[in-house]
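Beneath this line is the structure, given in structure tokens, with notes to follow.
In each ligand, atom 1 is the first atom listed, and ligand 1 is the first ligand listed.
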Amino acid sequence: MKNISATLAIVWRIAIPYFRSEDKWAGRGLLGAVIAIELALVAIDVLVNQWQNRFYSALQNSDWDAFVTQIWIFIALAFTYIALAVYKLYLNQWLQIRWRQWLTRHYLGEWLAGATHYRMQLKGDAADNPDQRITEDVKNFVEQTLTIGLGLLSSIVTLFSFALILWGLSNAAPLHLFGTDLMIPGYLCWGALIYAVFGTALTHWIGAPLVNLNFEQQRYEADFRFNLVRVRENSEQIALLKGEGAERGRLLDRFGLVIGNWYAIMSRTKRLTMFTASYQQAAVIFPYVLVAPAFFAKKIQLGDMMQTASAFSSVQGALSFFVVAYRSLAEWRSIVARLDGFEMSVDTAANLPAHEATIELKAAGGSRNIGLDKLCVYLPNGTPLVAADGFAIQAPERVLVTGPSGSGKSTLFRAIAGIWPFGTGTIVIPAQAKLMMLPQRPYFPVGALGDAVIYPAAPGAFQAPRIRDAVIAVGLPDLAERLNEDGHWNRVLSLGEQQRLGLARALLHVPDYLFLDEATASLDEPSEARLYRLLAEKLPQATIVSIGHRSTLDAFHTRKVAMVKDGAIHVLGKDDASAEKEPTAAR
Ligand SMILES: Nc1ncnc2c1ncn2[C@@H]1O[C@H](COP(=O)(O)OP(=O)(O)OP(=O)(O)O)[C@@H](O)[C@H]1O
């Protein structure tokens, strides 16, 4: 019970914001219409139930006129039912797509706000496969919440309407046993109730493990899909390393989990279906058994008996809502749990400062320098990695940061970019300063080459000739002619070409601070030198901070700072490797 109310509270928390959003009137209107239709359909069921009594009585009495009248009534009821059923589905689907649209935008907004998506990864796997949560889980949540919610409403209304009818029929057809009438008020109602409670309890007992099994199934499926995507993304590496055998093994291992869990679901579902199917079959005959003695004793007519059977099946059907919907409920609960996990993970990542020791990022007016004060950057598990104190990057100098692999150079850049929260101390950034980070492997969204180069600016933000000039300037005249061509550029271009395009991106965006994290490491030394000279010429005001291992880079920087090991951590510029100097090659 506690579990159910906790799940319902989560459903409420996930569902309600849409009905308070800017689309609330459409959402509420559609929901109201769908509920009204659902209730109207129950009313038609009640009318059909009463019609059954009249119809079978007309048959039993061989009354032709009454029979024809009942046929006309049935036609009218049937047409109304068809119209309502069509619009029930249509409006329901309409509501589903609007709700899903809103929820997807909402989740995308939260997931892609700041660096939340990145921080969620840093904090481990509270929400595995966010892609699945934003696609399938949102879709299924909306669909199933409506199906289950409306099903429940319809069951409750049906239950009360038909319980009243059944109560009346119980009095008209008293329980006739061993030649005597037993006056048990509403005995048909009680019969249906006992039958349904017994069914629900047994269903829950048999089906409870399905909730967890469904949760696991979705996780295994998503993991399998994710690993297939990774193979596709890294297919060149895998082909070069002849890793196909290893990949096949790994993928089949993951698929094995999908299969194993599926067998568990099958076996559990088989047991559940065995019970629910038997239960539903028994429900067909049960009401006849209850009223047959009264019928054979000629206490009631055929019409009464048929109406009773139909009303009983409606009451029993409504009471058995959980029996019938158990599998969907189990799936729904696992979807709700997954969305809840996603929301919590987004929340934790977005509010990391509230929970952990975090680096304070300060925007300073006036100064054009970046300052690192009493800074200690940690790994996500809390291990200190790199420290810097009283360190300033003075605009527009050119700094080369060197240090052994794994000493924390890239992580320090991430901290300065504001996406690495773990640590203590302060990073002061000039207010309004435009920072740009260029990694060794730049990211290009799939699409037109021109749009990929200017990313993250929106398509059209730069005039085509400007983009062309930048691409030519970095030494790619052939690509400058293909700016409108669509492609997966990270896959098509060589790493050196990608790095050149990364620099073209920097030329277009004109940052105040440009951080190059081995961003030219795949170029030969003369090309690297040419590009550094290009940066000096085109971005004279920019402060450039590079990470690199090549000694030839020295010539393009005014200061070289080393990461020096101090105990377990590295310290930035503890004893500056070289004094300030003029960059020889930039002159
Ligand atoms: N998300 C993460 N979770 C756990 N550890 C991490 C994470 N990112 C980086 N590290 C660890 O932090 C250390 C520093 O990594 P970083 O990439 O900053 O090194 P680096 O000095 O730039 O090395 P390189 O010169 O090889 O590029 C490494 O030991 C790395 O394994």
Under 3.5 Å, is there a donor on one side chain and an acceptor on the other for [X] and [Y]?
X	Y	answer
S527	D524	yes
Q132	R338	yes
N381	T383	yes

Run through ligand 1 for me and note each protein residue having a heavy atom under 4.0 Å from it, chain first, then residue number. L122, L379, P380, L385, P404, S405, G406, S407, G408, K409, S410, T411, R414, W420, E518, H549
Looking at R230 and E233, is there a salt bridge between them, counting it only when a charged N and a carboxylate O are closer than 4.0 Å? no
Side chains of R133 and F141, heavy atoms from C-beta outward: is any pair under 4.5 Å? no
Any residue meeting side chain to side chain donor-acceptor pair (under 3.5 Å) with E497, in chain and number order, not counting sequence neighbours: S494
